Amino acid sequence: ITATGGYAFPVLDHDLGMALTYPSLLAMGTDNHLSLNFVDYFDDINYGTIAFSHFFERLGHFSGSLQYIDYGRFTEADETGLITGHFTAGEYSLQLGWGRMLNENFSIGSNVKLIYSSFYDHDSFGLATDVAASYHDEERLFTAYFLARNIGRQLTYYHDGNREPLPFDLLIGFSKALENAPFLFSVVLTDLHNFDLSYEPAVEVPGTGQDENGDNFQDRVVDLAGNFLRHAVVGLEFTPVQSFSLRMGYNYRRRQEMKADSRLSTVGFSWGFGLKINRFQINYGRSNYHLAGSPNHISISTSLQELFGSPETVPAVAFER
């Protein structure tokens with residue numbers, strides 16, 4: 001997901017980590033899979049996930065996961081600067097996922113998340129759900145999906161009477177693999193519920209033909225195109241052999257919001273690779289957020305049935321390409 005700009009294309013590759021974000025992919029060959037993810041973020045901040053999945057014949061595929069982010073250790077001081085101790089801060093999400101195939105092309109899924117956040121002596125609980133649907137055409141090597149993420153609310157507040165919204169997101173994605181070449185292209189459109197993602201919406205000054213920032217009609221057209229591109233994330237996967245994939249992505253919105261105009265950089269670009277070694281799937285992603293640095297994202301996943309030599313009880317159905 002990191003390697004393709006933060007919004008991956010819906011190709012499972014037997015990696016349970018993908019299904020945690022896109023639950024409709026959970027039914028695609030993830031029975032008894034274990035996934036571990038770790039991110040060495042900025043400074044002493046780190047976060048990760050541990051997840052497991054299992055298939056129940058009459059109910060479908062289920063997953064359970066624990067996600068965390070550790071913000072590190074802080075020094076506590078009073079208003080005079082006198083150090084009085086230390087404290088930590090972190091957030092946690094306990095997630096239950098479900099996915100089911102409707103037929104050979106369509107699948108649906110959902111996540112339910114209990115969220116806990118703690119900052120010094122302030123904490124909060126929240127409850128959220130994700131709803132997803134996927135379509136895959138094996139003959140045309142085409143995939144489309146829909147996801148509504150973080151539908152929910154705070155249950156308890158950091159401050160009494162101050163309820164904060166959850167980071168709701170509505171997105172659709174498309175991917176297309178080439179029949180005679182090892183390439184897969186993807187486009188994801190995010191934040192569809194909120195078209196204007198710019199910081200300062202232009203307001204026209206009456207009688208001048210310009211907005212309050214001095215922009216004319218041509219400038220506004222450019223701004224409109226730029227705002228549309230803020231919704232789009234593009235990705236590319238190159239798979240020269242079955243056990244190795246190289247991935248790249250570009251996030252226009254991230255580049256516009258995080259770049260430094262005074263210096264040329266690769267902010268907004270991302271890359272990574274996937275490597276299958278014996279019974280383990282290893283994925284690495286690196287995304288340039290800022291000139292300050294680029295975090296490393298690492299995940300390892302495996303099928304416990306394959307690992308311990310027991311036969312598969314559920315046919316493995318995956319988005320092959």
Side-chain angles (χ1 to χ4, degrees), residues 1-2 6 17 20-21 35-51 64-96 111-129 149-169 191 194 197-201 230 251 253-270 284-300:
I1 294 178
T2 297
L20 297 179
T21 301
S35 176
L36 304 173
N37 301 270
F38 178 78
V39 181
D40 179 18
Y41 210 51
F42 296 99
D43 200 14
D44 60 346
I45 302 174
N46 60 80
Y47 61 91
T49 306
I50 179 172
S65 65
L66 174 64
Q67 297 174 299
Y68 78 93
I69 179 168
D70 179 10
Y71 293 106
R73 193 167 185 247
F74 297 83
T75 299
E76 181 182 359
D78 61 18
E79 63 273 14
T80 66
L82 178 64
I83 296 177
T84 59
H86 297 84
F87 65 95
T88 60
E91 297 178 281
Y92 309 88
S93 173
L94 185 63
Q95 177 173 302
L96 177 65
N111 291 324
V112 177
K113 297 176 282 190
L114 179 62
I115 308 164
Y116 172 69
S117 177
S118 175
F119 299 99
Y120 185 45
D121 58 352
H122 299 281
D123 53 36
S124 174
F125 279 97
L127 185 65
T129 184
R149 183 161 56 184
N150 294 324
I151 306 170
R153 60 170 295 169
Q154 274 186 306
L155 301 179
T156 62
Y157 310 147
Y158 295 110
H159 301 280
D160 292 339
N162 184 24
R163 180 167 65 91
E164 301 180 40
L166 271 66
F168 174 75
D169 194 4
D191 293 282
N194 180 24
L197 298 178
S198 61
Y199 287 120
E200 298 178 355
R230 288 175 184 264
N251 189 319
R253 179 183 179 185
R254 181 181 296 165
R255 179 167 180 81
Q256 297 305 310
E257 295 181 355
M258 303 296 290
K259 69 179 181 179
D261 293 331
S262 59
R263 182 176 174 183
L264 185 64
S265 69
T266 58
V267 172
F269 291 90
S270 56
Y284 172 82
R286 188 176 177 89
S287 180
N288 294 336
Y289 291 95
H290 194 267
L291 294 176
S294 302
N296 299 300
H297 298 240
I298 301 173
S299 70
I300 301 176

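The shown structure was predicted, so the numbers you read here are calculated from the model rather than taken from an experiment.
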Student: In Å, rounded to the nearest 0.5 Å, how long is the span from OH of Y158 to CG of D121?
Tutor: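 If we round to the nearest 0.5 Å, Y158:OH and D121:CG are 12.5 Å apart.
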
Student: Quick one: are R255 and S265 in side-chain contact, heavy atoms under 4.5 Å?
Tutor: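 The answer is yes, as the side chains (C-beta and beyond) meet within the 4.5 Å cut-off.
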
Student: For R286 and N296, indicate whether the former's side chain and the latter's backbone hold a donor-acceptor pair under 3.5 Å.
Tutor: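 Not confirmed, R286 side chain does not pair with N296 backbone.
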
Student: Is the closest side-chain heavy-atom distance between L114 and Y92 below 4.5 Å?
Tutor: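 Side-chain contact under 4.5 Å: no.
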
Student: Which atom pair, heavy atoms only, marks the closest approach of N111 to L20?
Tutor: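 Here N111 and L20 meet closest at ND2-O, 3.0 Å.
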
Student: How long is the gap from NZ on K113 to CG on L94, to the nearest 0.5 Å?
Tutor: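 Nearest 0.5 Å value for the NZ-CG distance: 12.0 Å.
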
Student: Taking Q154 for the side chain and E164 for the main chain, is one N or O donor matched with an acceptor at less than 3.5 Å?
Tutor: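 Answer holds: yes.
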
Student: Check A128 against I115 and note the closest heavy-atom contact, atom names and distance.
Tutor: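 It is CB-CD1, 4.2 Å.
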
Student: How many angstroms lie between atom OG1 of T49 and atom CD of Q95, to the nearest 0.5 angstrom?
Tutor: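 One finds 8.5 Å between OG1 of T49 and CD of Q95.
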
Student: For a quick check under 3.5 Å, do S270 and R254 share a side-chain donor-acceptor pair by atom type?
Tutor: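 There is no such pair (donor and acceptor under 3.5 Å, judged by atom type) between the side chains of S270 and R254.
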
Student: Looking only at atom types and distance, does a side-chain atom of D43 sit under 3.5 Å from a main-chain N or O of I45, one as donor and one as acceptor?
Tutor: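 Pair absent, no side-chain N/O of D43 close to backbone of I45.
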
Student: Would the distance check show the side chain of N150 and the main-chain N or O of L166 forming a donor-acceptor pair, the cut-off being under 3.5 Å?
Tutor: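 No, the answer is negative, given that no donor and acceptor are paired below the 3.5 Å cut-off.
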
Student: Output yes when a side-chain donor or acceptor of T156 lies under 3.5 Å from a complementary backbone atom of S124, and no otherwise.
Tutor: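 No.
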
Student: Look at the side chain of D169 and the backbone N and O of D191, then say whether any donor-acceptor pair between them is shorter than 3.5 Å.
Tutor: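 The answer is yes, because a donor-acceptor pair under 3.5 Å joins these two groups.
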
Student: Please examine the side chains of T88 and Y71, heavy atoms only from C-beta on, and report whether any two atoms are closer than 4.5 Å.
Tutor: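 No. Closest side-chain heavy atoms not under 4.5 Å.
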
Student: Can you tell me how far the CD1 atom of I50 sits from the OG atom of S65, to the nearest 0.5 Å?
Tutor: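 If I round to the nearest 0.5 Å, the distance is 9.5 Å.
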
Student: Measure the acute angle between the ring planes of Y289 and Y41, then classify it against the limits of 30° and 60° as parallel, tilted or perpendicular.
Tutor: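 The rings of Y289 and Y41 stand perpendicular, inter-plane angle above 60°.
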
Student: Can you confirm whether D44 is buried at CG, in the sense that more than 12 heavy atoms of other residues, nucleotides or ligands lie under 6.0 Å from that atom?
Tutor: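 Buried by this count: over 12 neighbours within 6.0 Å.
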
Student: Above 12 or not: heavy atoms from other molecules or residues under 6.0 Å from CG of L82?
Tutor: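 Enclosed: over 12 neighbouring heavy atoms sit under 6.0 Å from CG of L82.
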
Student: What verdict does the side chain to side chain contact (heavy atoms under 4.5 Å, CB included) test give for N37 and Q67, after you've listed the backbone C-alpha separation in whole Å, the side-chain angles of each residue and the deciding distance to 0.1 Å?
Tutor: CA-CA 9 Å; N37 301 270; Q67 297 174 299; over 6 Å; no

Student: What's the separation between atom OG in S287 and atom CD1 in I1, rounded to the nearest 0.5 Å?
Tutor: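 Here the interatomic distance stands at 12.0 Å.
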
Student: Please work out whether the ring planes of H122 and H159 are parallel, tilted or perpendicular, with thresholds of 30° and 60°.
Tutor: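 Aromatic pair H122/H159 classed tilted.
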
Student: If you take all heavy atoms of R253 and R230, which pair is closest and at what distance?
Tutor: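 Smallest heavy-atom distance, with atoms named: CB-O, 3.3 Å.
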
Student: Walk me through whether Y284 and T2 qualify under side chain to side chain contact (heavy atoms under 4.5 Å, CB included).
Tutor: CA-CA 8 Å; Y284 172 82; T2 297; over 6 Å; no

Student: In terms of ring plane angle, is the pair H297 and Y47 parallel, tilted or perpendicular, where the classes change at 30° and 60°?
Tutor: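 If you compare the ring of H297 with that of Y47, the planes turn out perpendicular.
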
Student: So how far is it from I298 CD1 to F38 CZ, rounded to the nearest 0.5 Å?
Tutor: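 That separation rounds to 8.0 Å.
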
Student: What heavy-atom pair brings V39 and P295 nearest, and what distance separates the two atoms?
Tutor: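 In terms of heavy atoms, the two residues are closest at CG1-CB, 4.2 Å.
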
Student: Using modelled atom types and a 3.5 Å cut-off, is there a donor and acceptor pairing between side-chain atoms of T75 and backbone atoms of H86?
Tutor: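 Such a contact is absent between T75 side chain and H86 backbone.
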
